[in-house]
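Only one structure is covered here, and it is reproduced in the block below.
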Amino acid sequence: MTDRDPSVRVRFAPSPTGPMHIGGVRTALFNWLFARHHGGTFILRIEDTDQKRYSEDSIHLITEGLRWMGIDWDEGPEVGGEYGPYVQSERVDLYREWADWLVDHDLAYRCYCTPGRLAALREQQIAEKRDPGYDRHCRYLTPEERAANDAEGKPYVIRFKMPTEGATTVHDLIRGDITFENTQLQDLVLLKSDGFPTYHLANVVDDHFMKITHIMRAEEWISSAPVHKNLYAGFGWEMPQIAHLPVILNPSGKGKLSKRSAGFSEGGRKIPVLLYEFQDAGYLPEALVNFLTNVGWSFGEDREVFTVDETIERFDLDRVNPAASIFPVEKLDWLNGVYIREMDPAKLAQLLMPVFTKAGYEVNPEILVGAAPLLQPRIKTLNDALEMGRFFFVDPFEPPAVADLVQKGMDTPRTLDALEKALARLDALPDFAAATQEAAMRALIEELGLKVGQLFGALRAATTAQQSSPPLFESVEVLGRDESLRRIRLALDVLRNA
RNA sequence: GCCCCCAUCGUCUAGAGGCCCAGGACGUGGCCCUUUCAAGGCCAAGACAGGAGUUCGAAUCUCCUUGGGGGCACCA
């Protein structure tokens with residue numbers, strides 16, 4: 001690989017506020033791919049600086065989710081590393097130290113404004129149709145006023161002194177230069193009154209001390225980029241290279257894909273958004289990885305299906321598309337189907353086992369092994385197997401209604417007659433292989449002067465109680481002679497009682 | 001409202017001035033195969049948002065318009 005560069009250090013820095021969002025997973029994946037492509041280091045860092053939104057098990061959700069996707073990290077929680085700790089709540093002293101450093105160097109100041117005043121200010125600004133934002137009241141406090149506030153023990157936050165004139169240009173690796181007028185920039189809060197840092201401070205400090213070389217984050221961070229650039233300048237640190245990944249939009253195209261859009265259905269179907277929803281729906285991690293790399297990035301060469309190794313070989317920022325894209329779920333369904341079809345049937349059987357048992361079926365492993373290859377070309381998600389293959393395991397088996405047994409152009413007596421004869425022939429077969437069955441049944445069709453579908457349809461209904469199923473005789477073979485014949489007898493009873 | 005980003009088939013995208021009256025994929029329609037449902041094969045419809053420039057030549061460069069998205073917290 002020509003662009004191998006072991007000094008590359010990138011990070012995925014999620015906030016543990018709940019289950020992982022698929023957009024976050026994509027960000028993690030692109031960072032990981034970038035690191036692996038360059039032979040660099042991929043770091044996982046937990047940004048748990050919001051005490052109010054923190055949720056205990058989220059870290060676990062994140063690490064397990066990444067592992068499931070096949071994304072491993074070289075430094076971070078559970079694996080350690082020489083730039084740790086990798087959980088921000090364990091680094092608060094560091095942030096405080098550097099916030100104070102900025103205050104000492106007159107690059108930041110203590111702000112004693114109460115949340116109440118801020119809210120009122122904001123309301124007033126909006127009412128007067130002015131841009132909302134902090135009015136820098138405390139930036140211009142006299143030393144005496146400051147001392148008085150401190151003497152009173154007033155709670156405070158530390159705010160950064162943003163330059164008030166000029167412009168800040170950020171070079172985005174995907175979009176090129178982006179320039180902001182400094183008057184647009186806010187004196188953002190660096191340290192909250194609870195002593196915890198905000199994202200901006202913690203992020204800059206950590207990226208610096210963790211020697212991050214490239215930042216790849218979602219597009220919604222673009223407007224903080226100039227702010228961060230000024231922070232780096234204040235500290236006198238070199239800013240990592242930066243790239244903003246396009247956001248993923250709702251299927252409706254309205255707004256970014258969010259947890260709320262999980263309720264959005266297309267064709268009456270729920271759209272998964274959180275990683276566990278994809279897992280629960282029966283998507284494969286390999287398919288999801290392949291799918292995600294096709295959103296906002298493309299392999300080129302007119303190829304849509306490729307392995308992770310091929311992606312690593314090829315992945316770089318120059319092929320990242322700056323435009324936001326709608327989440328193409330239908331394509332994921334197709335791709336997942338592709339991966340299922342390419343899978344070793346034994347592996348599929350193994351994956352299908354928990355799907356059926358979770359749904360309450362008692363699974364005969366032998367039948368499952370036989371059923372897997374039959375189900376394989378017919379399902380897009382593992383869960384689809386439930387509908388197509390439930391007849392293999394359903395217990396007790398409910399025979400179909402008369403209407404389902406009697407095929408087009410048939411009536412009850414003729415169906416009864418045909419099925420009775422079919423039963424007798426199947427019972428007498430020397431072996432129960434699909435081909436043997438089929439030959440016998442085709443001969444019977446000939447004798448009775450029926451259409452193929454008239455008997456096959458009745459047999460399908462009798463043995464599966466489903467409208468559609470995998471190929472009839474293969475299915476019946478897997479089901480076994482005893483159970484199949486038993487089901488046909490049940491169907492005969494239904495017809496006799498009609 | 002202000003700032004910023006973006007703009008190729010319905011959708012995901014290829015395209016870095018002539019290879020493009022725009023290629024691939026999903027989806028859709030048709031045909032073939034076929035015992036149902038799939039899978040598979042073949043075929044079809046389908047896009048450079050609009051307008052000015054620059055250039056011998058523009059999907060590709062510039063500007064404007066329009067449209068979409070993102071951001072404007074003691075959340076990340």
Side-chain angles (χ1 to χ4, degrees), chain A residues 13-17 47-50 52-53 111 113-115 118-119 122 125-126 129-134 155-159 172 174-175 178-181 183-186 188-194 196-200 202-203 217-226 244 246-247 249 251 253-256 291 294-305 318-319 321-335 337 341 374-380 384 388 407 438 441-442 445 451-457 459-461 464 466-473:
Chain A
S15 179
T17 54
E47 308 216 328
D48 60 339
T49 56
D50 187 354
K52 291 191 264 319
R53 298 202 308 163
C111 168
C113 293
T114 62
L118 261 23
R122 189 187 163 72
Q125 286 166 331
I126 290 170
K129 296 201 170 171
R130 283 156 52 210
D131 290 351
Y134 182 55
Y156 63 86
V157 301
I158 291 180
R159 284 183 189 271
D172 183 290
I174 296 171
R175 291 152 221 275
I178 304 175
T179 301
F180 294 78
E181 293 298 322
T183 50
Q184 295 295 328
L185 273 26
Q186 302 271 322
L188 57 102
V189 173
L190 261 22
L191 204 69
K192 303 180 239 183
S193 55
D194 65 1
F196 273 72
T198 58
Y199 167 82
H200 306 288
N203 196 264
R217 40 145 71 150
E219 191 183 343
E220 48 259 48
W221 292 105
I222 289 182
S223 38
S224 341
H244 291 93
V247 289
L249 270 23
K254 292 281 170 204
K256 55 179 174 176
F291 167 75
N294 274 324
V295 180
W297 183 80
S298 80
F299 191 87
E301 291 183 358
D302 289 345
R303 282 185 62 193
E304 326 282 327
V305 185
D318 55 359
R319 295 191 74 84
N321 184 166
S325 55
I326 288 175
F327 195 65
V329 234
E330 342 69 50
K331 212 158 177 173
L332 171 60
D333 285 338
W334 162 75
L335 198 55
R341 270 171 255 135
L374 301 181
L375 260 13
Q376 200 161 14
R378 277 162 259 268
I379 57 176
K380 291 192 154 96
D384 287 346
M388 181 59 75
Q407 304 298 301
E438 182 166 353
M441 292 302 101
R442 283 195 188 272
I445 284 166
K451 286 181 181 163
V452 176
Q454 292 177 323
L455 180 64
F456 286 14
L459 277 172
R460 166 172 291 106
T464 69
Q466 289 177 195
Q467 297 283 1
S468 65
S469 78
L472 179 59
F473 300 111

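Numbered from 1 within each chain, the chains take letters A, B, ... in sequence-line order.
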**Nearest-Å distance for atom pair CD/P, residues E181(A) and C2(B)** = 15 Å

**Message:** Using the C1' atom as the point on both nucleotides, what is the distance between A47(B) and C21(B), in whole Å?
**Reply:** 13 Å

**Request:** Nearest whole angstrom, please: distance from the C1' of G1(B) to the CD of Q125(A).
**Result:** 12 Å

**Item:** Under 3.5 Å donor-acceptor pair, R378(A) side-chain atoms to C37(B) base atoms
**Value:** yes

**Message:** Please classify the nucleic acid contact of P14(A) as base, sugar-phosphate, or nothing, using heavy-atom distances under 4.0 Å.
**Reply:** nothing

**Request:** Could you tell me whether P470(A) contacts a base, only the sugar-phosphate backbone, or nothing, with contacts defined as non-hydrogen atoms closer than 4.0 Å?
**Result:** base

**Prompt:** With a non-hydrogen cut-off below 4.0 angstrom, is G296(A) in contact with a base, only sugar-phosphate, or nothing?
**Reply:** sugar-phosphate

**Prompt:** Where along nucleotides 63-70 of chain B does protein come under 4.0 Å, by heavy atom, of base (B) or sugar-phosphate alone (S), with - for untouched nucleotides?
**Reply:** -----SSS

**Request:** Would you classify P322(A) as touching base, sugar-phosphate or nothing, given that sugar-phosphate means primed atoms plus P, OP1 and OP2, and contacts are heavy atoms under 4.0 Å?
**Result:** sugar-phosphate

**Prompt:** Considering only side-chain heavy atoms of S325(A), which listed nucleotide, U13(B), C74(B), U36(B), is closest?
**Reply:** U13(B)

**Request:** Name the pairing partner of C31(B), where a pair is Watson-Crick or G-U wobble with both distances under 3.5 Å, or state none.
**Result:** G41(B)

**Request:** Determine yes or no for a side-chain-to-main-chain donor-acceptor pair under 3.5 angstrom, with R378(A) supplying the side chain and L374(A) the backbone.
**Result:** yes

**Request:** Please work out if R460(A) contacts a base, only the sugar-phosphate, or nothing of the nucleic acid, heavy-atom cut-off 4.0 Å.
**Result:** base

**Asked** Choosing from C74(B), C12(B), C6(B), which nucleotide comes nearest the side chain of T198(A)?
**Response** C74(B)

**Asked** Is the backbone of V189(A) close enough, under 3.5 Å, to the side chain of T198(A) for a donor and an acceptor to pair up by distance?
**Response** yes

**Prompt:** What interatomic distance, in whole Å, is found between P of C4(B) and the corresponding atom of C43(B)?
**Reply:** 49 Å

**Request:** For F456(A), check ring pair (Phe, Tyr, Trp, His ring centres under 6.0 Å) against everything at least two apart and list the hits.
**Result:** F473(A)

**Request:** Could you go through the side-chain hydrogen bond (donor to acceptor under 3.5 Å, both in side chains) check for Q125(A) and D131(A) one step at a time?
**Result:** CA-CA 6 Å; Q125(A) 286 166 331; D131(A) 290 351; over 6 Å; no

**Request:** Determine which nucleotide pairs with A25(B), using a 3.5 Å limit on both distances of a Watson-Crick or G-U wobble pair.
**Result:** U11(B)

**Prompt:** Which part of the nucleic acid, if any, lies within contact of T179(A), taking any heavy atom under 4.0 Å across all strands shown: a base, the sugar-phosphate backbone alone, or nothing?
**Reply:** sugar-phosphate

**Message:** If I take atom CE in residue M441(A) and atom P in nucleotide U36(B), what distance separates them, rounded to the nearest angstrom?
**Reply:** 18 Å

**Prompt:** What is the pairing partner of G57(B), taking Watson-Crick or G-U wobble pairs with both distances under 3.5 Å in any strand?
**Reply:** none

**Request:** Find which nucleotide of RNA chain B each of N321(A) and I379(A) is nearest to by heavy atoms, and output the residue with the more 5' nucleotide.
**Result:** N321(A)

**Message:** Applying ring pair (Phe, Tyr, Trp, His ring centres under 6.0 Å), can you list everything that pairs with W221(A), at least two apart in sequence or on another chain?
**Reply:** Y199(A)

**Message:** Rounded to whole Å, how long is the line connecting atom NE2 of H244(A) with atom P of C6(B)?
**Reply:** 12 Å

**Request:** Take atom C1' in G69(B) and the same atom in U60(B), then report the distance between them in whole Å.
**Result:** 23 Å

**Prompt:** Does any N or O in the side chain of K192(A) come within less than 3.5 Å of the main-chain N or O of T49(A), such that one atom is a donor and the other an acceptor?
**Reply:** yes

**Request:** Could you give the distance separating U65(B) and C3(B) at their P atoms, to the nearest angstrom?
**Result:** 12 Å

**Asked** Does the side chain to side chain contact (heavy atoms under 4.5 Å, CB included) test come out yes or no for D50(A) and T17(A), once each step is laid out?
**Response** CA-CA 9 Å; D50(A) 187 354; T17(A) 54; 5.8 Å; no

**Message:** Would you measure the distance from the C1' atom in G18(B) across to the matching atom in G71(B) and give it in whole Å?
**Reply:** 41 Å

**Asked** Reckon V295(A) touches a base, only the sugar-phosphate, or nothing at all at heavy-atom distances under 4.0 Å?
**Response** sugar-phosphate

**Request:** Return the nearest nucleotide to the side chain of F456(A); candidates are A73(B), U35(B), C74(B).
**Result:** U35(B)

**Asked** Paired with U62(B) by Watson-Crick or G-U wobble geometry, both distances under 3.5 Å: which nucleotide is it?
**Response** A52(B)

**Message:** Taking only the P atom of each, what is the distance from G41(B) to C26(B) in whole angstrom?
**Reply:** 9 Å

**Complete:** From CZ of F473(A) across to C1' of U35(B) the rounded distance in Å is 7 Å

**Prompt:** Across the strands shown, which category fits R159(A) at heavy-atom distances under 4.0 angstrom: base, sugar-phosphate, nothing?
**Reply:** sugar-phosphate

**Request:** Write down the atom of S468(A), the atom of M388(A), and the distance for their closest heavy-atom approach.
**Result:** OG-CE, 4.0 Å

**Request:** To the nearest Å, give me how far apart CG (L374(A)) and C1' (A38(B)) are.
**Result:** 12 Å

**Whole-angstrom distance between U8(B) and C48(B), as gauged at atom P** = 11 Å

**Asked** If you measure only the distance, is there a donor-acceptor pair under 3.5 Å linking the side chains of N294(A) and E304(A)?
**Response** no

**Request:** Scan T49(A) against the nucleic acid and name what it touches under 4.0 Å (heavy atoms): base, sugar-phosphate only, or nothing.
**Result:** sugar-phosphate

**Complete:** C72(B) -> Watson-Crick or G-U wobble partner, both distances under 3.5 Å, gives G1(B)

**Prompt:** For Q466(A) and A38(B), what is the distance between atoms CD and P respectively, to the nearest whole Å?
**Reply:** 14 Å

**Watson-Crick or G-U wobble partner of G46(B), both distances under 3.5 Å** = none

**Request:** Please figure out whether E47(A) or G300(A) has its closest RNA chain B nucleotide nearer the 5' end.
**Result:** G300(A)

**Complete:** Scanning all shown strands, the Watson-Crick or wobble mate of U36(B) with both distances under 3.5 Å is none

**Request:** Using the side chain to side chain donor-acceptor pair (under 3.5 Å) rule, pick out the option among R175(A), R217(A), E220(A) that qualifies with H244(A).
**Result:** R217(A)

**Request:** For A25(B) and C9(B), measure between their C1' atoms and round to the nearest Å.
**Result:** 12 Å

**Prompt:** Should K256(A) and E219(A) count as an ion pair when the cut-off is N to O under 4.0 Å?
**Reply:** no

**Prompt:** When we call it a touch if two heavy atoms are under 4.0 Å apart, what does P197(A) touch: a base, just sugar-phosphate, or nothing?
**Reply:** sugar-phosphate

**Prompt:** Between G71(B) atom C1' and I178(A) atom CD1, what is the distance in whole Å?
**Reply:** 12 Å

**Item:** ring pair (Phe, Tyr, Trp, His ring centres under 6.0 Å) partners for Y134(A), two or more places apart
**Value:** none

**Message:** Looking at S298(A), is its backbone amide N or carbonyl O close enough to the side chain of R319(A) to form a donor-acceptor pair, meaning the two atoms are under 3.5 Å apart?
**Reply:** yes

**Request:** Establish, with yes or no, whether the OP1 or OP2 oxygen of G40(B) is under 4.0 angstrom from a side-chain nitrogen or oxygen of R341(A).
**Result:** yes

**Asked** Got a sec, which residues hit side-chain contact (heavy atoms from CB on, under 4.5 Å) with T183(A), two or more places apart in sequence or on another chain?
**Response** E181(A)

**Asked** Which part of the nucleic acid does S15(A) contact within heavy-atom distance under 4.0 Å: base, sugar-phosphate only, or nothing?
**Response** sugar-phosphate

**Where protein sits on nucleotides 15-27 of chain B, one letter per nucleotide: B base, S sugar-phosphate only, - none, heavy atoms under 4.0 Å** = S-------BBBS-

